[in-house]
Amino acid sequence: MTPFMKVGLAQIKTGENAFHFSTEQDAWLRELAERLAKTGAVIPGSIDVDLQLTKLEPDYYLRGHLKFEVDQTCARCAETFSLPILHKVELGMAHVGTAAVEGVLSEESEELDINYFEGTDLDFGPIIEEQVLLSLPYRAMCQEDCKGICQNCGADLNKGSCRCPKVNPVHAFAGLSQLKL
Ligand SMILES: [Zn+2]
Ligand SMILES: [Zn+2]
């Protein structure tokens, strides 16, 4: 289960409410990091979360960012490396049952993702977990122009070229152009 960090709606004042969480201070966030590590998102250092929750009856807006470094495996050369992430959070929060949810959030929120929540409190646990997962790259590379490993001899081409003959990558698909559709 996602560790929870619940804030009672009654404690949230109209206007801006600042929240700061970090793995150094917050045990629930450390638990969350352990949970994420089990799913493959290993964050060995700290996670810092800065959020501004704005209450504009009947809605809530959540803005801020998450900052951490996540261990990644390069999609090209399979080296592991640490990827710094600064993820911007921008969410509309609609309380189910407060109002007709559809069309409640004002015009400016049209581009916002909207999270729905119910009950008497707002739980930061699943929100932060989801945002961490959203921030992870689908395909990470150790450097923008990673040369990868040689398919033939397995040499790490970032450390220098190997002696294998160069294969023209276009060649592999040359037959395709001759296919009659
Ligand atoms: Zn690489
Ligand atoms: Zn090679």
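Just so you know, ligand 1 is whichever comes first in the structure, and atom 1 is the first atom listed for that ligand. Here the structure is a predicted model, which is why all the values come from computation and not from measurement.
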Checklist entry - How many degrees, to 10°, between Cys164 SG and Cys150 SG as seen from the Zn ion (ligand 2)? => result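 Between SG of Cys164 and SG of Cys150, at the Zn ion (ligand 2), the angle is about 110°.
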Item to check | With the Zn ion (ligand 2) as the apex, the SG/SG angle for Cys162 and Cys153 - to 10° | outcome: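 Here the angle at the metal atom is close to 110°, to 10°.
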Let me check something: any side-chain donor-acceptor pairs from residues 79-92 under 3.5 Å, sequence neighbours excluded? List them with distances.
residue : atom : partner : partner atom : Å
Ser82   : OG   : Glu69   : OE1          : 2.8
His87   : NE2  : Gln131  : OE1          : 2.8
Glu90   : OE2  : Arg63   : NE           : 3.2

Checklist entry - By residue and atom, what protein N/O/S atoms are less than 2.8 Å from the Zn ion (ligand 1)? => result Cys74 SG, Cys77 SG, Cys142 SG, Cys146 SG
Item to check | Main-chain N/O of Ile47 paired with Thr23 side-chain donor or acceptor, under 3.5 Å | outcome: yes
Checklist entry - With distance as the sole test, does His20 use its side chain to make a donor-acceptor pair with the main-chain N or O of Leu51 at under 3.5 Å? => result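 No, His20 side chain to Leu51 backbone: no donor-acceptor pair under 3.5 Å.
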Checklist entry - What residues, two or more places apart in sequence or in another chain, satisfy ring-ring contact (aromatic ring centres under 6.0 Å, His included) together with Phe124? => result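 Checked Phe124 against ring-ring contact (aromatic ring centres under 6.0 Å, His included); matches are Phe19, Phe21.
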Item to check | Residues, nucleotides or ligands: over 12 heavy atoms within 6.0 Å of Glu118 CD | outcome: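 12 or below, so no.
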Item to check | Neighbour count above 12 (heavy atom, 6.0 Å) for Lys55 NZ | outcome: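 For Lys55, atom NZ is crowded (more than 12 foreign heavy atoms under 6.0 Å).
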Checklist entry - Is there any salt bridge (charged side-chain N to carboxylate O under 4.0 Å, His left out) pair reaching into residues 17-30, and which pairs are they, with sequence neighbours excluded? => result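 Sorted result for residues 17-30: empty, none.
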